[in-house]
Amino acid sequence: MSDRPQLEGPFDPKEIEGELYSEWEEKGYFAPSGDGPPFSIALPPPNVTGTLHVGQAFQQTLMDAIIRYRRMTGCDSLWQTGTDHAGIATQMVVTEQIRAQGLTPQDLGREAFIDRVWQWKRESGGTITQQMRRIGASVDWERERFTLDEGFSKAVIETFVRLYNDGLIYKGTRLVNWDPEFKTALSDLEVVTEPEQGHLWNLRYPLADGLQASDGSSYVVVATTRPETMLGDTAVAVNPDDERYRDLIGKHVDLPLAHRRIPIIADTHVDPEFGSGCLKITPGHDFDDNEIGQRHELEVINIFTTSATLNDNVPESFRGLDRFEARKTVISALEEADLLESVEDYSVNIPRGDRSGAIVEPLLTSQWFVKIDPLAEEAIRVVEDGTIKFVPKRWENVYFAWMRNIRDWCISRQQWWGHQIPAWYDSEGNIYVGRDEQDARTSADLANDIELTRDSDVLETWFSSALWTFGTLGWPNPESPDLKTYHPTSVLVTGHDIIFFWVARMVMMTLYLTGEIPFHTVYITGLIRDAEGKKMSKTAGNGLDPLDLVDGIDLEGLVKKRITNLPQPSMAPRIEAATRRDYPDGIRPFGADALRFTFCDLASPSSNYNFDIARVEGNHYFCNKIWNATKFVLTNTDKMEVDAPKELSIADRWIRSRMRKLVADCRRAFDDYRFDFCAKDIYEFVWHEYCDWYLELTKPVLYDDTVAKEFKQGALFTLVEVLELSLRISHPVMPFITDFLWRKLKPLTKATQPSIMLATYPEVDSLPEDREAEDAVDWLKTVIQTVRNIRGERRISPSDEVRVLFSDGSSRDRELAEQTSDLLRRLAKVSVIDWLEVGQATPAGSVQSVGQLRINVPFLDDAELQAEKSRIQKELARIDREMASVSAKLSNQQFVERAPQDVVQVQRDKASDLESQRSVLVEQAAELPD
RNA sequence: GGGUGCUUAGCUCAGUCCGGGAGAGCGAUGGCCUUACAAGCCAUAGGUCGUAGGUUCGAUCCCUACAGCACCCACCA
């Protein structure tokens with residue numbers, strides 16, 4: 001029987017992972033199959049430019065665990081994958097490359113530039129998909145999509161045309177967030193506003209027509225953080241209830257430098273408490289001012305070009321200045337005219353483009369918008385009525401809050417890389433929308449000889465991402481079988497940072513276009529931070545590459561990776577020092593399973609997780625533990641046949657009953673998205689029940705020739721059975737090691753499937769619950785631990801066997817002691833167990849009790865005796881403390897009368913238990929020689 | 001300004017809709033190379049559960065207020 005497989009050496013993930021993944025992929029195990037109920041997940045498509053970061057590895061691990069679990073439970077499971085063309089991000093990367101050759105995108109022209117991006121995509125776009133393979137993601141690669149591929153683009157264009165025809169997409173000239181570096185509009189979400197140190201300038205605006213303010217001055221003071229915009233002011237506003245300025249309402253000021261006369265208006269938006277209570281109004285360059293301007297029908301003056309330099313709407317001496325230059329120039333000009341009242345330091349909220357980092361300028365431009373209110377209404381409803389559920393539920397509030405205050409969505413971007421807007425213009429600027437130019441002409445009955453030019457803008461990336469769940473399944477073809485089978489998808493797994501960007505927009509678009517929800521459940525994961533709770537970032541140099549945790553990296557490699565291409569190169573020495581301190585030996589290769597297990601272990605309902613590499617290390621050891629347990633099973637079954645058992649021992653019955661509980665717990669954990677429970681339950685069971693106890697309990701059976709063959713067979717059978725179940729239970733979390741070991745066990749389990757991936761997930765009812773066995777083993781464990789405790793306290797060497805005397809005890813104690821004596825002797829290193837009969841003299845020894853049973857380990861010398869005396873005193877003190885608390889309760893009339901009877905009974909039992917412990921100790925103390 | 005979450009052992013965190021003297025991992029301490037595993041085994045120590053009230057026979061858990069931390073949203077120039 002030596003032809004059976006054995007394990008050699010310690011666990012080495014590198015040896016097994018790559019090979020297994022290739023095999024799974026080649027054999028098509030990731031494809032949907034079977035005729036069970038459909039189950040589907042759409043992978044949030046990572047940017048094609050990206051490399052896998054910790055957050056994605058985390059989320060993908062959870063998705064993979066879910067999909068593997070569902071596959072094993074017989075669902076027809078699809079995990080749809082793909083990458084996102086990531087408009088701005090990708091255009092940035094390729095633009096950089098071109099710059100390195102001394103060219104600009106404009107030098108190439110639109111078409112050549114786009115060709116260049118495609119070329120880049122073909123060459124470098126596969127990085128992230130290779131990394132996904134490395135962590136074991138079982139996505140269906142056969143169906144991999146790209147948001148700019150032909151079919152998906154068709155869905156995007158179709159969407160645009162339908163929404164336009166239904167009046168939900170319109171073109172308008174509006175104040176939008178303008179990124180002067182990329183020269184494109186941005187949506188509200190792409191702007192990040194953060195406080196920065198700035199100034200507040202108080203400017204004097206002279207009153208027109210020789211008027212005087214209530215304080216007698218000939219001017220009003222306005223406060224601003226952006227003095228250069230005064231060139232575009234078209235009013236000064238005061239609060240209508242502000243006594244100081246009541247008389248000035250309707251009058252005018254002479255706007256300095258621009259030499260324009262502008263009105264003083266009243267608007268409740270003005271806070272009289274702030275500054276002087278006068279607010280300058282620049283409707284062309286401030287969102288608030290724009291709204292006020294609309295209320296008062298003020299003129300909107302645009303003073304900036306698309307590069308944020310001053311345009312021809314300002315006096316000649318200012319034209320062409322960059323906005324920051326303009327600020328200085330305006331200030332000095334005002335100062336010269338004695339119109340600068342004061343300057344103070346001020347914390348200013350600065351809006352920046354999330355990609356470019358450039359300060360965003362509100363700018364009046366012509367853009368495409370989605371009319372959002374009608375879409376939002378339905379999207380709110382499906383979450384309110386529970387058709388879509390968020391897990392954890394509290395994220396629903398975040399979703400609602402945003403949805404109820406949503407504004408029209410600016411979807412056009414002045415970029416080249418993306419889905420070009422399917423709109424054409426004639427020479428008079430009329431708009432024609434269609435699936436292509438011909439379609440646009442046809443639907444407008446437009447003659448072919450009228451020349452049309454296509455809108456040069458592209459759609460923002462999230463517009464296409466919003467179609468991801470159905471655009472990948474054959475939509476707009478209503479007969480698409482995939483669409484019918486796998487849509488709506490079952491669950492969306494993502495971080496709370498993109499609830500607005502993506503989740504909300506998916507719900508709106510999917511409902512409108514398909515009449516279906518995109519997914520039934522949204523599982524929101526927390527965000528991974530570093531061990532100190534700080535956000536991982538390149539800038540801070542505390543980021544971890546998940547692949548480094550899988551494959552390992554030496555210190556020099558890690559340092560190099562962290563300090564190369566830093567946004568702030570001055571941080572390099574500090575980052576290097578911190579890295580050398582935290583990772584003196586680099587990172588060892590822990591393997592994908594250990595990393596994945598750690599991710600699952602971390603995935604509690606919390607919103608942030610501190611990622612400690614020590615946990616990965618610990619879980620790597622756990623993998624090793626499983627490896628060695630399997631080695632033990634294989635070694636011991638090598639010389640014996642494993643047949644269906646004729647006899648199961650109490651230990652066999654116990655571990656099977658415990659296994660049944662594990663199956664129930666894990667299934668429940670998966671259904672509740674409690675991956676942390678799943679991981680903890682598996683860890684606890686495999687390490688502390690199967691390995692620490694069950695394996696040890698089988699040794700006396702297997703190694704003792706006098707034990708009946710039937711029991712040996714029972715033990716071997718159970719060892720194999722429970723190990724095999726453990727592997728299947730753990731497979732969704734740790735796919736590699738479980739499949740590898742499961743195959744090694746095949747000759748013993750007679751499993752027919754080629755891979756654990758094709759095996760079924762364990763069923764709760766495949767094993768019986770066995771209270772009797774659980775009680776018996778609990779008893780055994782307690783007795784063994786008690787003896788070990790005595791041994792530990794007395795420093796008795798593990799190699800020395802001790803003699804144990806039992807006394808008192810119930811008939812059940814006697815029965816169990818009889819039944820388990822071999823196990824007890826071996827596991828507690830006991831040579832002889834004797835029962836002391838009533839009245840028999842008790843030798844001096846350490847005594848502890850388990851229930852009514854007294855366990856005595858006789859002393860060997862006087863030092864032990866003294867130690868035992870002091871232990872007894874400590875114990876008595878502890879018992880008194882506990883007794884005080886229990887009797888306080890029991891002497892409380894209220895408690896006894898009003899608490900549930902079983903709770904009261906627990907306290908009564910406890911009291912009597914403590915009492916008996918106490919008398920045992922007192923008695924023992926009395927018996928001990930001086 | 002509005003909102004959400006968090007505060008439990010030295011560290012990182014569990015504590016399951018639903019109250020009955022708090023657990024894990026890592027770390028620490030002591031002892032062991034016991035034929036699966038020293039990447040291991042056995043044992044031990046360590047917590048007024050952020051603060052103050054309230055509800056209750058009983059509160060880490062429910063309610064209120066406060067403090068600290070983190071995050072999200074928002075138009076105070």
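Every chain is numbered from 1 and lettered A, B, ... according to where its sequence line falls, protein lines coming before strand lines.
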Q) In terms of the angle between their ring planes, are A:Phe597 and A:Tyr683 parallel, tilted or perpendicular, with boundaries placed at 30° and 60°? A)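 Rings of A:Phe597 and A:Tyr683: tilted, as their planes differ by 30° to 60°.
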Q) In terms of ring plane angle, is the pair A:Phe390 and A:Tyr399 parallel, tilted or perpendicular, where the classes change at 30° and 60°? A)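 The arrangement is tilted - the two ring planes meet at 30° to 60°.
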Considering only atom [atom1], compute the distance from [N] to [M] and round it to an integer number of Å.
N: B:G21; M: B:C17; atom1: C1'; value: 24 Å
N: B:A70; M: B:G25; atom1: C1'; value: 24 Å
N: B:U55; M: B:C61; atom1: P; value: 15 Å
N: B:U12; M: B:G50; atom1: P; value: 15 Å
N: B:C49; M: B:G23; atom1: C1'; value: 12 Å

Could you state the atom-to-atom distance from [atom1] of [X] to [atom2] of [N] in whole Å?
X: A:Lys393; N: B:U16; atom1: NZ; atom2: C1'; value: 17 Å
X: A:Arg668; N: B:U16; atom1: CZ; atom2: P; value: 11 Å
X: A:Phe677; N: B:A24; atom1: CZ; atom2: P; value: 16 Å
X: A:Asp288; N: B:A77; atom1: CG; atom2: P; value: 9 Å
X: A:Met403; N: B:G3; atom1: CE; atom2: C1'; value: 18 Å
X: A:Leu723; N: B:C37; atom1: CG; atom2: C1'; value: 14 Å
X: A:Ile879; N: B:G21; atom1: CD1; atom2: C1'; value: 16 Å
X: A:Phe895; N: B:A59; atom1: CZ; atom2: C1'; value: 14 Å

Close aromatic pair by centroid cut-off 6.0 Å: [X] and [Y]:
X: A:Phe670; Y: A:Phe677; answer: no
X: A:Trp395; Y: A:His496; answer: yes
X: A:Phe611; Y: A:Phe58; answer: no
X: A:Tyr346; Y: A:Trp201; answer: no

Within the 4.0 Å heavy-atom criterion, would you say [X] contacts the bases, only the backbone, or no part of the nucleic acid?
X: A:Gln785; value: sugar-phosphate
X: A:Val896; value: nothing
X: A:Asn789; value: sugar-phosphate

If [N] has a Watson-Crick or G-U wobble mate with both distances under 3.5 Å, name it; if not, just say none.
N: B:U16; value: none
N: B:A59; value: none
N: B:C11; value: B:G25
N: B:C71; value: B:G3
N: B:G50; value: B:C66
N: B:G40; value: B:C32

Reckon [X] has a side-chain N or O less than 4.0 Å from the OP1 or OP2 of [N]?
X: A:Ser604; N: B:A14; value: yes
X: A:Tyr399; N: B:C73; value: no
X: A:Asn610; N: B:C13; value: yes
X: A:Trp687; N: B:C41; value: yes
X: A:Arg404; N: B:G2; value: no
X: A:Tyr621; N: B:C26; value: no
X: A:Arg788; N: B:A43; value: yes
X: A:Asn636; N: B:A36; value: no

Q) Is there side-chain contact between A:Thr282 and A:Thr234, with at least one heavy-atom pair below 4.5 Å? A)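 No, too far: nothing below the 4.5 Å cut-off.
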Q) Can you tell which of B:A36, B:A70, B:C57 lies closest to the side chain of A:Arg529? A)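 Side chain of A:Arg529 sits closest to B:A70.
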**Q.** Closest to side chain of A:Asn624, choosing from B:A39, B:U12, B:A14
**A.**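 Of the candidates, B:A39 comes closest.
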Q. When you match A:Ser797 and A:Asn628 each to their closest nucleotide on RNA chain B, which lands nearer the 5' end?
A.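 This one resolves to A:Ser797.
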(Q) Judged by each residue's nearest nucleotide on RNA chain B, which is more toward the 5′ side, A:Tyr690 or A:Lys280? (A)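 Taking each residue's closest nucleotide, the earlier one in sequence belongs to A:Tyr690.
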Q) Does the base of B:C37 carry an N or O that pairs as donor and acceptor with the side chain of A:Lys625 under 3.5 Å? A)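 Indeed, a donor on one side and an acceptor on the other fall under 3.5 Å apart.
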Q. Does CZ in A:Arg826 sit with more than 12 non-hydrogen atoms of other residues, nucleotides or ligands closer than 6.0 Å?
A.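 Above 12, so yes.
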